[in-house]
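All heavy atoms count here, side chains included; hydrogens, waters and symmetry mates do not. Chain naming here is simple, since letters A, B, ... match the order of the sequence lines and numbering starts at 1 in each.
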There are 2 protein chains.
Amino acid sequence: MAELVAGYLRRDGYEVHLAFDGPTGVASAREVDPDVIVLDLGLPGLDGVEVCRRVRTFSDCYVVMLTARTDEIDTLIGLSVGADDYVTKPFRPRELMARITAMQRRPRRAATATVAGSVADETVPPILVGPLRIDLVGREVELDGDPVGLTRTEFDVLAALARRPLAVLTRRQLIEAVWGERWVGDEHLVDVHVLHVRQKLGDTADAQRFVRTVRGVGYRMGTGE
Amino acid sequence: MAELVAGYLRRDGYEVHLAFDGPTGVASAREVDPDVIVLDLGLPGLDGVEVCRRVRTFSDCYVVMLTARTDEIDTLIGLSVGADDYVTKPFRPRELMARITAMQRRPRRAATATVAGSVADETVPPILVGPLRIDLVGREVELDGDPVGLTRTEFDVLAALARRPLAVLTRRQLIEAVWGERWVGDEHLVDVHVLHVRQKLGDTADAQRFVRTVRGVGYRMGTGE
DNA sequence: GGGTCCGATCAAGATTCGATGAAGACCCAG
DNA sequence: CTGGGTCTTCATCGAATCTTGATCGGACCC
């Protein structure tokens, strides 16, 4: 099961770490500081709920829980386990992937937990790509220290790419990341926004420093130069 | 039950301490000096009313009481227990959270009960944003040292932005911060208050020194100029 | 070498979004 | 109860932005 999910994730460009019991999982999470954790309930050693709690003590990463029964989800929510999404087994891998992608569109919990009266720490660091700094919280982009004025969609496109710097994202994936799932229209739309991003970042079709074209597939983040 | 509530609180970023009987609760309250106490009537050892009274002897924190019956509330109020809010069981956790959040928006009893000239320690420093000083405790705003007369809502909007100076807040987040969770209405309400704040702060749509528009997303605090 | 596919680019219309003013509802103090 | 201040809704305008369609040129395949 884990291998199956891992395969799908890798295919989408994720770097995957596997752990086959709770304590190992927690240790691994602490070590690699992942963006997303897919957590199967019924792990040996520690149960999934406890794993989630422990992870939450040091990480704000997204957590998806795989559960066997639908009604179990309510219980979990009631327990305030703190997962970001729940998927019941059996599931179609494609659906899991879709939800993982969609999840990352949501603001991180640290960014939303605006407890009255307390100044929440800005625990979400900006993404650094060479001379490019992308602040997801403030929605600001700086190139060599100079602010770049991107529109909402342009920023979202760039952010979607920057979130997974090594992966090639298809147009469809980008559309899903920026506009959401229920989309019908022209995939070519992405091209235009990529064009605009490139123009504002000083990229051209020839010199693609940041947004690189992968012909026949999609776009990929470049590390600059 | 306590775990359930604790879970919800933690999810919203609160640090939670649990106590399973009255005396322990009082001792714990004395020790950690909490912002909020959620108090279930029918505790063993001391009844909730007595716990509340004792806590009140040394703390001005907010107290929410969980009661079993509606008509009990009237009795409690009659007893002048001094709780800040009452919630009947069974309750939906979401509602409890909403009321806890809302409660803290109200001025603290210490702040209102300004009886005999005793000034509470100002443990909450004002927020400084360039030439702007925002005093959350006194609910005062100064620009270049001159006081600015903001209304309640205007102040709340500005304060919500100032609490997270680097983040872009959506209209929905602002509404949640200012008005509370269960809101149905026009999000453009925020615009109007932002407009008023800007006017009083000398900002215009063009020169946005303090409250900046992030088109398509929301508003963000500016650092002045 | 020629054809086809794909992506880049441009321009224009459609759409969304935010600022603003005004009017009514509401609340609180006197 | 009355008046002033405040909050909320509503409608409008103008501009920023999105989206589409067409065209162009290069890359890839045969």
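- Of the possible donor and acceptor atoms, none in the side chain of Asp156(B) sits under 3.5 Å from a partner among the backbone N and O of Val178(B).
- Atoms CG (Asp186(A)) and P (dA14(C)) sit 18 Å apart, rounded to a whole Å.
- Applying the side-chain contact (heavy atoms from CB on, under 4.5 Å) criterion to Asp186(B), with sequence neighbours excluded, gives His188(B).
- Applying the 6.0 Å contact sphere to CD of Glu15(A) captures no more than 12 heavy atoms from other residues, nucleotides or ligands.
- Note on Glu187(A): nothing from the nucleic acid sits closer than 4.0 angstrom, heavy atoms only.
- With the nearest nucleotide of DNA chain D identified for both Thr151(A) and Arg152(B), Arg152(B) has the one nearer the 5' end.
- A search for side-chain contact (heavy atoms from CB on, under 4.5 Å) contacts involving Leu150(A) returns Val141(A), Val148(A), Glu154(A), Phe155(A), Leu158(A), Lys200(A), not counting sequence neighbours.
- Atom NE2 of His196(B) and atom P of dA19(C) are 12 Å apart (whole Å).
- The separation between Asp206(B) atom CG and dT20(C) atom C1' is 13 Å, rounded to whole Å.
- The span of DNA chain D lying next to chain B, judged by atoms under 4.0 Å from heavy atoms, is bounded 5' to 3' by dT6(D) to dT17(D).
- Taking 4.0 Å as the cut-off between side-chain N and carboxylate O, Arg212(A) and Asp203(A) do not count as a salt-bridged pair.
- With hydrogens and angles ignored, the 3.5 Å screen pairs a side-chain donor or acceptor of Asp135(A) with a backbone N or O of Val137(A).
- Residues Thr213(B) and Arg198(B) have side chains that bring a donor and an acceptor to within less than 3.5 angstrom of each other.
- Scored by the side-chain hydrogen bond (donor to acceptor under 3.5 Å, both in side chains) test, Arg220(B) finds Glu140(A) as partners (sequence neighbours excluded).
- The interatomic distance linking Leu189(B) (CG) with dA23(C) (P) rounds to 19 Å, in whole Å.
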Please write out the pairs of protein N or O atoms and N or O atoms of nucleotides 24-27 of chain C separated by less than 3.5 Å, giving the distance to one decimal.
none

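- Side chain of Arg30(B) to main chain of Val26(B): no donor-acceptor pair is present (N/O by atom type, distance under 3.5 Å, no hydrogens or angles).
- Contact annotation: the side chain of Tyr219(A) never approaches that of Val168(A) to less than 4.5 Å [non-hydrogen atoms, C-beta and beyond].
- Remark: Arg152(B) CZ is loosely packed, at most 12 non-hydrogen atoms of other residues, nucleotides or ligands lying under 6.0 Å away.
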Check nucleotides 6-8 of chain C for protein N or O atoms closer than 3.5 Å to its own N or O atoms and list the pairs.
unit_1, atom_1, unit_2, atom_2, d
dC6(C), O4', Arg215(A), NH2, 3.4
dG7(C), OP1, Gly216(A), N, 3.0
dG7(C), O5', Arg171(A), NH2, 3.2
dA8(C), OP1, Arg198(A), NH1, 2.6
dA8(C), OP1, Thr213(A), OG1, 2.6
dA8(C), OP2, Tyr219(A), OH, 2.6

